[in-house]
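Here is the structure we will look at, set down as structure tokens.
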Amino acid sequence: MMRIAFSCNDKPVEVEIEEHQRLIDVLRDQLGLYGTKEGCGRGECGACTVIVEGRAVNSCLYPAPEIEGKSVVTIEGLQGPDNRLSALQRSFVEHGGIQCGFCTPGMIMSARALLDENPHPDKDEIRKALAGNLCRCTGYVQIVDSISHAGGGDENDGV
Amino acid sequence: MPAVETRMMASKLEYIGGEMARPDAADKAAGQAVYIHDLERPGMLYGKIKFSDQAHAKIVKIDTSRAERLPGVQAVISAYNTPEIRIGFLRDNFALKKDKVRQQRDEIAAVAAINPQIAAEAVELIEVEYEPLPAVFSPEEALAEGAPLVHETDPRGKKRTDNRLALGYHHESGDLDAGRAAAAHAVAGEYSTQLIQQSCMGTAGCIAEFDRNDNLTIWAKTQIPFLAQRDFNNALFAMDLRGKNTRVIVPSLGGGFGTGLDTHAYEYIAILLAHRCGRPVKILYDRGEEFARLSPRQSSRVRVEQGCDKSGQLTFRKIEVLLDNGAYTSWGATYPTVMLLPATSLYRVPNIYFDAKLVYTNNTYCQAMRGYGNPELTWALESNLDELAEAAGIDPLELRLLNCNRPNETTPMGLKVTTCGLRECIDTVAEKLAWKKIRRRSKGKKTGVGLASLIHVGGGGRIYRSDGSGLILKLDDFGNVNVYYGGVEMGQGLQTVLVAAVAEALGVCPEKVIINPTDTGTCPWDVGTHASRGAFMAGNAAIAAALQMRDKIFEHARELYPELVQKNIARKKKRDPAYNPPDFNISLAAKDGRFELRGGILFVQDAPDDPVLRIELDALLRAVHFREQGEMLVSEAFYDPPNELPDWNKGYGNMSAAYAFGSQGAEVEVDRETGEVKIIKLSAAHDVGRVLNRQTLAGQTYGALAQGVGYALYEEVKSERGRIVNPDFRDYKIPTAAEMDFPIELDFIETDDPAGPFGAKGVGEPGLVPTAPAIANAIYDAIGVRIRDLPITPEKILAALRK
Amino acid sequence: MNDFAYHRPHSVADALRLMSEVPGARFIAGGTDVMVKFNAGAPRPQSLISLRAIPELSGIELGEPTSIGASTTISDLLGQAELCERYPLLAQAARCLGGPQIRNVATIGGNLCNCSPCADTAPALLAIEARVRLASPAGEREIALEDFMSGPGQTCSPPDEILTQVLLPKTPPGARGIYFKKGRVRMDLAIVSLAALVVSRGDELRHVRLAAGSVAPVCLRLRAAEDLLTGERVTHELLARAVRAAMEAVTPIDDLRASADYRRRLVGVYLRRAIESILNWSEP
């Protein structure tokens, strides 16, 4: 057992963990943040994507002890005060970027990480940024549109 | 069955045809939708299954003693300490296996423990001793003389003599020999399709929970809540809980694609564990179990021969299908019911022979997946048709147009086609691909175009005795419209259609329409969310229930309208004493009953435009409720479409109330040195009857196209001697955003179907039916190589180029 | 499971000390190979000693040689503009490794120590003739990367040795590099990979370093092909001979991802395309 302290969605957190736990286990089981999903446990599907120190990572491969002293942002952290969805989330809602929704939190976190680094990506850059996020429902087109719109683009930007 | 006005001749549709956002999108965007993975019940235990590691073996001994002794374990079960539960529509499968295992994923035993780690540890402690048996891993091996029997007896106990299933499908129409004789050109070919994993992002799982009266509640990842209720009630019966009931609740699903159309051994195992422990039990498959222990899409082998006369008119079609049924029977075995549609009715063909046979093997058995046999058969037919076009020296586009389906014709299967936009679909695709310009035969070329078409059910599909769908509307004092519908939202946008259809047909704002959870305890019966029937059924049921509700509302309005208007006038006069009410005979208008309800506002048609004459729906509802002999308004409809249960032995019957048509085309570029196929462009033109919601329709089509691309080029479940050797996304490659990097042109043709809600036909499955043959036909145009076995890999292309 | 301990030392010395004191310990860096194995059910060692919080192991020092800390993540490596400018071949290869989430935690040291025949950075580093610095209780040593990788999943290091730095010699002036990776889809393991680092003058090749991945038990230099091409004016015929030599030198296997035959063919195709591209020959 060890005690770790870190910042989660901009709030300080301290939890006692089993040292073999992964970050996704701590987020879901101890912090009640069930928005982050485990889709494969192998770093292949990206459903578990969260942002650590500004970088998108697969929380299923991230040993929990490593988060000590660091910041992590989950899908729950994107919301504004009073339950308001962020502009990026609203863009997904408005542009059909969501169907079954299981890949959505991970997908949005990858998009968030991309937009933080590159606020106006073209569609090619968006697709590359989503290489580690699988979706079986949407065929990706409207996901790319949603992110493009959030970055200030429109349907006619590139392919 | 009362006649139902299923087609709204609305002057202007407000919500249907628009881009309304999904009602559940906000929750999903926030990560707040609750899936099986997130659900917990008080006192819940975690179940885990011990699977066989043998494809065919006698079970000599199961020793669960070490598992039972592990602290934290609450129960360990096997077929030897639980009642036998037979599952599957042929009843040839069992929840837990006894005596022998027939496939590498057979469920031998299961554990319930206080946390998933202990459950996993306990499963490792279960020791099983096997005596391996000779096994068969292909239909050929299974049919060979002296082949070992996968099942020694049939479900009734009668001895079996071979591995052939009694289940078969057959259709003959016209005169095959005459058709052959009349053909100037004929081409035969053998085509095959691979095992495919549905690959839902949310894996399979359930929570089973008994109350103290032995009634079961199960939260299930299902598309058939009511058929599941029946299946689980049968299980309760087998568990000696006669007369006890199952309530099936469907949470948010992480995808369906057909995986939820059957009940699964893991669900029965959760039920058995829950009853044994007296506590809720959750079983959740991890990705490895999802790949290796859940049933994939059925593979197929199809032999097709088609012929045409000199002008290109099709004269006959002969189709023989062989299916590897695997060790037990699920819906993979019924793919031929849907194969019959393209077999008999894609394009106009007289003289048809169709036969499908199934064989037991020790491979994994297969279940439903989107398209359900149609992609398999269309792969063969549309590849073969291009081969025939070449033999006849006719442009494949021209050949298809020449034999194109037409509206209002009955096909050899007895499908009563009403609306049919196939010609327009084909023309659209040809135009979008610049067909005439690109298509040429020149040496050294690497790009090409190809196309293929589809026919599918679009107005439900009667594969059970009932194709019905019930819907209840319940209004409350706040003007909310509570909808209870037994169909399942799995991401396809059923809730969107429900909200739009109810709002449109009833005359309220979409924000007031509340879709309640799918729950057999509260929703009326629905056969299942399959066969692309969701929107068609939900829409028609919604319209029927809404019209009924409007009648009720207007009936009450006749009585209450005058007094409510007087209240409005009184209120206005109080604020403005100089106010003069409009010159309008309120009582007469009410008696005439010529009301309208729009946006939740009740008014009289052609009345003066004065706010006092408008009544808010919730005000009327409260007036109806809060008085002596008050009433709450509820309406219901059970929509059972005008289609027939076909005779499967004859392969005849009008299975659907409407038929979907479509065409897709691909432009590809092939690297002759590496064999890689690059898609330059896809065009998809679908006859959808009417667009109900642009956003969800496009989403469904893009998603289906991506699955079609995976089917064509990347995906294959690889099985070696019954063992799945690529049970993960590392080696089972579904398309990523990077693969879908080409322009996709979507065109939706509206043929306004008389049976469809607002004219709409089903669209859930058609999107992936013709994609693979379109791509294969484009590859042939590019480099003159014909691959007949999916997936089309670079290695297969290189091998074919070398020949 | 209950005795499992995760250590986060802050110096190489501490890491080595822990390794000698803690029973059943193994090192872990980014974890993108190792954690996958654990999640898949591989037995966890009794302890893991993380190399992620050790400042000595991160950081990039340009020079002769350029020194890359082994715990440098692939993303950080790609973010170093000058490094990528000096070693564009390495940057090309690094860009092909996994997807963004993987690159953000995977380390160059981990990629080399995992020593998969499919390792993405290895062929590029071999063509660059990288060396590795290693530290153990016995002391420090430096060896060629080629000698470090000894078999599939097998380096020449004992379990208590840490790869601390990846050392890159200066590449010859005018050198151009090309990296090809074939996967079944865009984000995939390499079915075949090929790295070429070449100095050319007209059609004459002065310096040729070629390395291939996924076609042998370890990533390897294609020396026979290099020898044929170095110091020669390239003709189609010479190139064809070099291609044949390369194809003969590799020992790919049939596995569920590809056949040996396909892999061998692609080595030849990529080698030919690499040289043609560097020489600016137009496509046939």
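Chain naming here is simple, since letters A, B, ... match the order of the sequence lines and numbering starts at 1 in each.
Interface summary for chain A: among B:G710, B:A33, B:G202, B:A706, the most heavy-atom pairs under 4.5 angstrom belong to B:G202. In terms of non-hydrogen atom pairs under 4.5 Å with chain B, the most contact-rich of A:P105, A:C40, A:G35 is A:C40. When each of B:S199, B:A738, B:G255, B:S252 is checked for heavy-atom pairs under 4.5 Å with chain A, B:S199 comes out on top. Comparing B:M20, B:M201, B:R694 by how many heavy-atom pairs each has under 4.5 Å with chain A, the most go to B:M201. Options B:P735, B:G254, B:A698, B:G699 differ in how many heavy-atom pairs under 4.5 Å they form with chain A, and the most are formed by B:G699. Between chain A and the residues B:Q198, B:E290, B:E739, the largest count of heavy-atom pairs under 4.5 Å involves B:Q198. Of the listed residues (A:A129, A:C137, A:S86, A:A131), the one with the most heavy-atom contacts under 4.5 Å to chain B is A:C137.
Nearest heavy atoms, A:C135 versus B:I734: O-CD1, 4.4 Å. Between A:V93 and B:A29, the shortest heavy-atom distance links the atoms CG2-CB, 3.9 Å.
The line from OG1 of A:T104 to CG of B:D27 is 11.5 Å long, rounded to the nearest 0.5 Å. From A:L134, atom CG reaches atom NZ of B:K733 across 8.0 Å, with rounding to the nearest 0.5 Å. Atoms CZ and CZ, on A:F92 and B:R22 in that order, are 13.5 Å from each other to the nearest 0.5 Å. If you take CD1 on A:I143 and OH on B:Y702, they are separated by 12.5 Å, rounding to the nearest 0.5 Å. Atom CD of B:Q117 is separated from atom CD of A:E18 by 8.5 Å, given to the nearest 0.5 angstrom. How far NZ of B:K28 is from SG of A:C100: 6.5 Å, rounded to the nearest 0.5 Å.
Panel note: side chain B:Q695, backbone A:E94; a donor-acceptor pair is recorded below 3.5 Å.
Residues B:Y35 and A:K37 have side chains in contact (heavy-atom distance under 4.5 Å, counting atoms from C-beta outward). Between A:L130 and B:T736 the shortest side-chain heavy-atom distance does not fall below 4.5 Å. At a threshold of 4.5 Å between non-hydrogen side-chain atoms, the residues A:E38 and B:T203 do not count as touching.
Contact of A:R28 with chain B is made through the side chain alone, with heavy-atom distances under 4.5 Å. Interface remark: B:M490 contributes backbone atoms only to the contact with chain A (heavy atom separation under 4.5 Å). For chain A, no part of B:F291 is nearby; none of its heavy atoms comes within less than 4.5 Å. Of the atoms belonging to B:Y285, not a single heavy atom falls under 4.5 Å from chain A. Neither the backbone nor the side chain of B:L705 has a heavy atom closer than 4.5 Å to any heavy atom of chain A. For a residue to count as touching a neighbouring chain, one of its non-hydrogen atoms must lie under 4.5 Å from one of that chain's; by this rule B:D38 touches chain A with backbone and side chain alike. The contact between A:T138 and chain B is made entirely by backbone atoms, counting heavy-atom distances below 4.5 Å.
Around atom CD of A:E117, no more than 12 heavy atoms belonging to other residues, nucleotides or ligands sit under 6.0 Å away.
Ring pair B:H37/A:F102: centre-to-centre distance below 6.0 Å.
B:Q700 and A:Q99 form a side-chain donor-acceptor contact under 3.5 Å, judged by distance and modelled atom types alone.
B:E715 has a carboxylate O that lies under 4.0 Å from a charged side-chain N of A:R136, or vice versa, which qualifies the two as a salt bridge.
Of all residues in residues 45-54 of chain A, those placing a non-hydrogen atom less than 4.5 angstrom from a non-hydrogen atom of chain B are A:C45.
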